[in-house]
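For the single chain, residues carry numbers from 1 onward in sequence order. Counting starts at 1 for both ligands and their atoms, following the listed order. All figures in this text were calculated on a predicted structure; none of them were measured in a lab.
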Amino acid sequence: MTKQALTDLVLDASVVATLCADTPGNDLHTALERLCVQGVRLWLYTGEVHDTLTRVQTKINTTESSKSMTISDARQCLDQKLPKFQWLAALSQDMEYADDADPLAVALIRSTERLGGNAGILSGMPSRLDRGMPFMGADSVFAAEFEPRIDFIDLKIQQDRIRPTLESSIHRVLYHGRYVMGVEIENLEERLAQMAGVEHCVCVSSGTDALLMALMALEIGPGDEVITSPFTFFATAEVIALLGATPVYVDIDPQTFNIDAAKIETAITERTRAIMPVSLYGQCAEMEEINAIGQRHSVSVIEDAAQSFGATYRGQRSCALSEVACTSFFPAKPLGAYGDGGACFTRDENLALRLRQIRDHGQDRRYHHAHLGVNGRLDTMQAAVLLAKLDIFEDEINRRQVVAQRYAQQLAVLENESKLALPIVRSHNTSSWAQYTIRVQGRDELQQALTKSGIPTAIHYPVPLYRQPALAQIEANCPQSDRAADEVLSLPMHPYLSEETQALVSQTLVDVLAASLSTQNQYAGTKV
Ligand SMILES: *Cc1c(COP(=O)(O)O)cnc(C)c1O
């Protein structure tokens, strides 16, 4: 491990005692505060809590003779005198070397190793420092240099916020043992249905499987056509084709990147069975218009809400806007699990029942298979993770609004100079900001320059689906989708993007675009 790469620092009992006895403002305090600002996480090991509190108590009782400190005073002292820290869980493997002269040292090493390769243990005990890494003295911490790193999506800060709930929820599943269809699934479905504002939620194995099962429940198959957007993730049209049906592509509205509702009706034929709009980047498609078309032609409407859970459309939640809606719990989505997951939402009781059967091999009772289905269940561990995340989800959606507003302010100057176009959210919508996606000409050069400056970006999506080999349709003609595929660029976006980091991202964009102008590489006006 190099000092530069340090991401996590565990403080052992001796260091905590020193920090508690000394007044804030001393060198070690200042150094640790600096580490925190640079994004290094500080930890105290729960397995060492007794030793830590006793040492704090003893140290203060000997240095400040006027006071007599109790254990609970010592506990308070940690919160008052230490920089922001988290508790690092003790697990059973930490006891494996309990015959060591200093068993806690071994336990500390074990627990620190779980944090990953870039974690160290700060200690003031010579016997521990003699063991070498991961034990580190204060000197090496003072000397450490750090490269701030910007994440496209940062899931660590969220995890830090909910760690105690998350750990206990996961452990509860570990011990109760109902790893498939445990009680957490039922709880989660109830809460998700309530959040979306529909009667039924059926949790499934992924967003892709949610879409597949929705189509299966509607009995869509060979010979059928499903109208959708070509400017989306591959899965949207993949599931249509998998069932032997044909995806029929309708071009997008260049302002919202969602399917252009005004163009849907001309694409309807006697084979059309469903319309599958995608609520891209977190903004709902024009569901009212689309539902009206669906009704006029007696075809189903399925919202691909993989990116828009938490968004609203005319005061209603995404996933409550159509006959059936599907979302994804892929880790990077607004509501992400720690693995794959998804859900279907509907008000239709029969459809919900059908979905429940399909996700379990079409069983309507044990070992009686009324239809063909799939193994499409969400696992209980993921449900436990999602339940822990749900408690803070509304707050995270609000934080995303703040981040999006800040981008809009910081980048307004570039839009005014027609160097790029900022995302447009219709006044009847609130976005869940799964992505903050700008459009710009010369996108690839801009992305390269940003990468060089340490700003991560992504392209959602570089190729319209009718140009993908597996789904190729030479006759498809969607010029707005082609243009979007060349111009879109997603910037770092997550609820915990700090004001400073965001300012750095925006300033880098301003600088790069200014530099490119001076070398004749113009990002000409793209405002639509
Ligand atoms: C992520 C995504 C999917 C697929 O979800 P998974 O959970 O990854 O299977 C489908 N459609 C869209 C628009 C997506 O963004």
### Task
Would you tell me which option among Gln435, His460, Lys333, Met276 has the nearest heavy-atom contact to atom 2 (C) of ligand 1?
Lys333
### Summary
Exactly one candidate in Asp209, Ile302, Thr346 meets side chain to side chain contact (heavy atoms under 4.5 Å, CB included) with Cys326; the answer is Ile302
### Task
Report, in ascending order of atom number, the atoms of ligand 1 lying under 4.0 Å from any heavy atom of Thr236.
11 (N)
## Note on the structure
ligand 1 to Thr232, heavy atom cutoff 4.0 Å, flagged ligand atoms 13 (C)
### Message
Return the CG to OH distance between Asn429 and Tyr313, rounded to the nearest 0.5 Å.
### Response
7.5 Å
### Query
Salt bridge between Asp253 and Arg426, side-chain N to carboxylate O under 4.0 Å?
yes
### Query
At a 4.0 Å threshold, what atoms of ligand 1 neighbour a non-hydrogen atom of Val278?
13 (C)
Got a list of side-chain donor-acceptor pairs under 3.5 Å for residues 217-226, not counting sequence neighbours?
| from | atom 1 | to | atom 2 | distance (Å) |
| --- | --- | --- | --- | --- |
| Asp224 | OD2 | Gly221 | N | 2.8 |
| Asp224 | OD2 | Arg273 | NH1 | 3.3 |
| Glu225 | OE1 | Thr269 | OG1 | 2.8 |

### Query
Asp209 to ligand 1: N or O pair under 3.5 Å?
no
### Query
With backbone taken as N, CA, C and O and side chain as the heavy atoms from C-beta onward, which portion of Thr208 lies under 4.0 Å from ligand 1: side chain, backbone, both, or neither?
both
### Task
Could you tell me which atoms of ligand 1, counted from 1 in the order shown, lie closer than 4.0 angstrom to a heavy atom of Gly207?
5 (O), 6 (P), 7 (O), 9 (O)
### Task
Indicate, with yes or no, if the rings of Phe345 and Phe309 have centres closer together than 6.0 Å.
yes
#### Entry: Heavy atom of the protein closest to atom 11 (N) of ligand 1 (residue, atom name, distance)
Asp304 OD2, 2.8 Å
### Query
Without hydrogens or angle criteria, can the side chains of Glu303 and Ser322 be said to hold a donor-acceptor pair below 3.5 Å?
no
